[in-house]
> 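There's a structure below that I have some questions on.
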Amino acid sequence: MKIITDERCAGYASPGHPERPERITRSLALLHRQAALPIEWAAPGRADDAAILRAHSAQHVARLDQPVDFDGDTPYYENIAGYARASVAAALAALAAARRGESVFSLMRPPGHHATRDRAMGFCYLNNIAIAALEASATGAKRVVVFDFDVHHGNGTEAILVNRPGLVFFSIHLYPFYPGTGAANVGNNCFNYPVEPGTPRERYLAVLKQALDDLKKYRPDLIAVSAGFDAYVRDPLGGGVLEVDDFHWLGESLRVLNVPMFSLLEGGYSKDLPELILAYLEGIEHLAHRRPDPVGGK
């Protein structure tokens, strides 16, 4: 398993904000400490403007340098444009690794799937997964599927990819819930699987399975995964019902499709995020998941 990361992405923070540096630092600590999953570590590199501007307007990219908060959830931080570009670079590096047949996960922040062409929102500044999917399409991929299992609808990804030839978007999420989108399919290529809050775990898993079955019908040559772990039952923001083993199952289920695939971290705010990520990666690699020893910190 290749993991693309840069510890410097933990360099911005806002007191009390759930999208905090510990999401990365604690996950890195567990992944370095465990021995079951062999890991090759890689740095993100750089992202050029051409790739970013396929998904975002030049005005939006320039706005990232203006020291004014974007909304109540999405503050301005010093050099947030640099952090966002590094996260994009990791997504593009993950795409390149997947094309070489590698198993790969981008462990970076900020996340991206709420960012629209012209707006930062929902902790997201640039839409990493949409940028990578458009890069894949522009450089030869014929059928690219984005599969988003974050508990929140990937509204930005949908808005950027809607009706784009050769690109298909699947989102499984709670609805009604933030950001208030995703109630029904959009355009000819964006397929939404809204799950009502309070739905039992078995039903939630059945919806995920249905989405995976529908994905297979598109016979993609590349799958880009928005891996959000906030559908976890103990996530403080998500209101989800999934257990650790369900993320392991998701990894297994995506891997058996036998299609080049890369995954990017989106949401996930519980103290168990490191274990959820490890379980997902072990599923991709067909390894059994064994609960790790506790990791210190909050």
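The residues of the chain are indexed from 1 along the displayed sequence.
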> Determine, using ring centers only, whether H153 and F177 are less than 6.0 Å apart.
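Not close enough - the centres of the two rings lie 6.0 Å or further apart.
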> Roughly how far, to the nearest 0.5 Å, is CD1 of I24 from OG1 of T5?
5.5 Å
> Do L242 and I284 land in one hydrophobic cluster if side-chain heavy atoms of ILVMFWY residues count as linked below 4.5 Å?
yes
> So does D221 get a backbone contact from the side chain of R143, meaning a donor-acceptor N/O pair under 3.5 Å?
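Absent.
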> Give a yes or no answer on whether the side chain of H113 reaches the backbone of G228 with a donor-acceptor pair at less than 3.5 Å.
no
> Could you check whether Y280 and F229 have their ring centres less than 6.0 Å apart?
yes
> Same cluster or not: are L237 and V151 linked, directly or through other Ile, Leu, Val, Met, Phe, Trp or Tyr residues, by side-chain heavy atoms under 4.5 angstrom apart?
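The answer is no; the residues belong to distinct hydrophobic clusters.
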> If you round to the nearest 0.5 Å, how far is CG of L30 from OG1 of T25?
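Here the interatomic distance stands at 12.0 Å.
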> With distance as the sole test, does D6 use its side chain to make a donor-acceptor pair with the main-chain N or O of A43 at under 3.5 Å?
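Not confirmed, D6 side chain does not pair with A43 backbone.
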> Go through the side-chain N and O atoms of R99 and T139 and say whether any donor and acceptor fall under 3.5 Å apart.
yes
> Do the ring planes of F170 and F191 sit parallel (below 30°), tilted (30 to 60°) or perpendicular (above 60°)?
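It falls in the tilted class, 30° to 60°.
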> Decide whether L95 and L53 are clustered together by the hydrophobic rule: side chain heavy atoms of Ile, Leu, Val, Met, Phe, Trp, Tyr closer than 4.5 Å, transitively.
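No, L95 does not connect to L53 through the hydrophobic network.
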> Side chain of N189, backbone of L161: donor and acceptor closer than 3.5 Å?
yes
> Answer with yes or no whether the hydrophobic clustering places V207 together with V186; edges join I, L, V, M, F, W, Y residues whose side-chain heavy atoms lie under 4.5 Å apart.
no
> Under 6.0 Å between ring centres: does that hold for F123 and Y269?
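F123 vs Y269: aromatic centres under 6.0 Å.
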> As an exercise, state the distance from OG of S171 to CD of E158, rounded to the nearest 0.5 Å.
7.5 Å
> So, applying side chain to side chain donor-acceptor pair (under 3.5 Å) with S103, which one of K2, R255, E40 is it?
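When side chain to side chain donor-acceptor pair (under 3.5 Å) is applied between S103 and each of K2, R255, E40, only R255 qualifies.
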> Would you check if there is a donor-acceptor pair between the side chains of D118 and H56 at a distance under 3.5 Å?
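Note: H56 and D118 side chains miss the donor-acceptor criterion.
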> With rounding to the nearest 0.5 angstrom, report the CG to CZ distance, L92 to R85.
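Atom-to-atom, L92:CG and R85:CZ are 11.5 Å apart.
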> Start with the C-alpha distance between F70 and Y125, add both sets of side-chain angles, then the distance that settles ring pair (Phe, Tyr, Trp, His ring centres under 6.0 Å), and finish with yes or no.
CA-CA 9 Å; F70 299 89; Y125 300 87; 5.5 Å; yes
> Say you draw a straight line from CG of D235 to CG of L273; how long is it, rounded to the nearest 0.5 Å?
8.5 Å
> Are I129 and L215 in one and the same hydrophobic cluster, where Ile, Leu, Val, Met, Phe, Trp and Tyr link if side-chain heavy atoms are under 4.5 Å apart?
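No, separate clusters.
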> Under 6.0 Å between ring centres, would you say that holds for F247 and H289?
no
> Compute the ring centroids of Y193 and H173, then answer whether they are less than 6.0 Å apart.
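Ring centroids of Y193 and H173 are no less than 6.0 Å from each other.
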> Report the C-alpha distance between R201 and E243 in whole Å, list the side-chain angles of each, state the deciding distance to 0.1 Å, and finish with yes or no for salt bridge (charged side-chain N to carboxylate O under 4.0 Å, His left out).
CA-CA 9 Å; R201 176 188 176 207; E243 298 284 356; 5.3 Å; no
> Between R20 (side chain only) and P18 (backbone N and O only), is there a donor and an acceptor less than 3.5 Å apart?
yes
> Just say parallel, tilted or perpendicular for the rings of Y77 and Y12, cut-offs at 30° and 60°.
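Ring orientation of Y77 relative to Y12: tilted.
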> Is the backbone of T116 close enough, under 3.5 Å, to the side chain of N127 for a donor and an acceptor to pair up by distance?
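No, the answer is negative, given that no donor and acceptor are paired below the 3.5 Å cut-off.
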> Can you confirm whether the side chains of S137 and R54 place a donor and an acceptor under 3.5 Å from each other?
no
> Calculate, to the nearest 0.5 Å, the distance between atoms CG and CG belonging to L126 and L64 respectively.
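L126 CG to L64 CG: 5.0 Å, rounded to 0.5 Å.
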